[in-house]
Amino acid sequence: MVGRVIADVEILDARLVQPVDPRDVRGAMRGRRVEAIDRRGKYLLIRLEGDLVATHHLRMTGSFAVPPKSPVPTHVRLRYLLAERVHPVLYNDPRRFGTLVVATMAETDAHLDARLGPEPLGADWDATSLHRAIHHRTAPIKALLLDQRVVAGLGNIYVDEACFLAGIPPQAAGDRITRPMAARLVTHVRARLEEAIDVGGSTLRDYRGVEGEIGGMRERFLAYGRAGLPCLVCGMTMRGTRIAGRGTTWCPRCQPAVRAR
DNA sequence: CTTTTTCCCTGGACGC
DNA sequence: TGCGTCCAGGGAAAAA
């Protein structure tokens, strides 16, 4: 899309852009050239000429498809028609959790800055900054890592994976996470994210790459979704519970309870 | 202030 | 096969 002019935007599901009138979004984007596409946390930013940003969030089931390399998906909610290109870029989202906001750069930055902490793959996120952000908190470490203001971009899968690899039980309170433990979390969050990116993401059911590809990460899960199954490291039965409203899996042997202070 | 719970939404899995 | 029920989860909003 970068460098091309958006000839038109067809919004097939008005709820995608609520509470804004879909006609305003269409009118604002039409005829503008795409200058760049960026990401902040889980937000996808389509930067348009003339100080305008289209901010997509895919939630769990959103994906972009680029025919004809990709098959046309079954739940297309929006079509970007590009000048001098036959096939539109499609936004697909069976469950309609995804969102789209169109705003100026300043409005977009303000919106994101209020919601997002440091990037997990960025230089400013390290053991010290994580420890500082959570050492006074009593919520479980899993809830804190899912909090996008603590660190931007982690979801349920990667938090379970990182806690497992770091040997820290997900229910451990933030104020019991020592600096060395924070260092292990940072290391394993980074390693797991980079590995997932390399293999094309974690398709569970709906996620697809723009050419329809299924992500390769789901065969590599060590913790996520393995409750009741043997731990791939020690063989003990993995336990399942609910933390921060999310299904949570951990190994009682590899992630022993943190000692009270 | 922090933390927890509820809600949104739909397709797939499962039981009968 | 068909129907009902439950579950998955990111983030906003409400409740505690």
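A note on names: the letters A, B, ... follow the listed sequences, proteins ahead of strands, and every chain is numbered from 1.
- Sorted pairs that involve residues 120-133 of chain A and meet salt bridge (Lys or Arg N to Asp or Glu O under 4.0 Å), not counting sequence neighbours, are lacking altogether.
- Separation of atoms CD1 (A:Ile46) and CG (A:Asp38) is listed at 10.5 Å; rounding is to 0.5 Å.
- The salt bridge (Lys or Arg N to Asp or Glu O under 4.0 Å) check on A:Arg149 picks up A:Asp147, with sequence neighbours excluded.
- For residues 238-251 of chain A, every residue pair satisfying the side-chain hydrogen bond (donor to acceptor under 3.5 Å, both in side chains) rule, not counting sequence neighbours, is listed here: A:Lys142-A:Thr248.
- Phosphate proximity of C:dG9 to A:Arg242: absent, as no side-chain N or O sits under 4.0 Å from OP1 or OP2.
- Under the rule for a side chain to side chain contact (heavy atoms under 4.5 Å, CB included), the partners of A:Pro88 that lie at least two apart in sequence or sit in another chain are A:Arg79, A:Leu81, A:Leu90.
- Residue side chain A:Arg96 does not reach the base of B:dC9 through any donor-acceptor N/O pair under 3.5 Å, judged by distance alone.
- Every residue meeting the side chain to side chain contact (heavy atoms under 4.5 Å, CB included) condition with A:Val186, not counting sequence neighbours, appears here in chain and number order: A:Trp125, A:Leu130, A:Arg190.
- Distance CZ (A:Arg39) to C1' (C:dG10): 16 Å, rounded to an integer number of Å.
- Here salt bridge (Lys or Arg N to Asp or Glu O under 4.0 Å) pairs that include residues 97-116 of chain A, with residues two or more places apart or in two chains, are A:Arg40-A:Asp113.
- At the phosphate of C:dG10, neither OP1 nor OP2 sits under 4.0 Å from any side-chain N or O atom of A:Gln148.
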Tabulate protein N/O versus nucleotide N/O from nucleotides 14-16 of chain C, keeping only pairs under 3.5 Å, one per line.
none

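- For residues 56-66 of chain A, no residue pair satisfies the salt bridge (Lys or Arg N to Asp or Glu O under 4.0 Å) rule, not counting sequence neighbours.
- No donor-acceptor contact under 3.5 Å links the side chain of A:Arg59 to the base of C:dG9.
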Close N or O pairs between protein and nucleotides 3-6 of chain B (under 3.5 Å):
{"unit_1": "B:dT3", "atom_1": "OP1", "unit_2": "A:Thr138", "atom_2": "N", "d": "2.5"}
{"unit_1": "B:dT3", "atom_1": "OP1", "unit_2": "A:Thr138", "atom_2": "OG1", "d": "2.8"}
{"unit_1": "B:dT3", "atom_1": "OP1", "unit_2": "A:Ala139", "atom_2": "N", "d": "3.0"}
{"unit_1": "B:dT3", "atom_1": "OP2", "unit_2": "A:Arg137", "atom_2": "NE", "d": "2.4"}
{"unit_1": "B:dT3", "atom_1": "OP2", "unit_2": "A:Arg137", "atom_2": "NH2", "d": "2.8"}

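- Judged as a side chain to side chain contact (heavy atoms under 4.5 Å, CB included), and not counting sequence neighbours, the contacts of A:Ala244 are A:Ala143, A:Leu146.
- For the helix from B:dT2-C:dA16 to B:dC16-C:dG2, the end axes, each set by the C1' atoms of five terminal pairs, are bent relative to each other by 50° (nearest 10°).
- Evaluation of the ring pair (Phe, Tyr, Trp, His ring centres under 6.0 Å) test over residues 162-187 of chain A, restricted to residues two or more places apart or in two chains, returns none.
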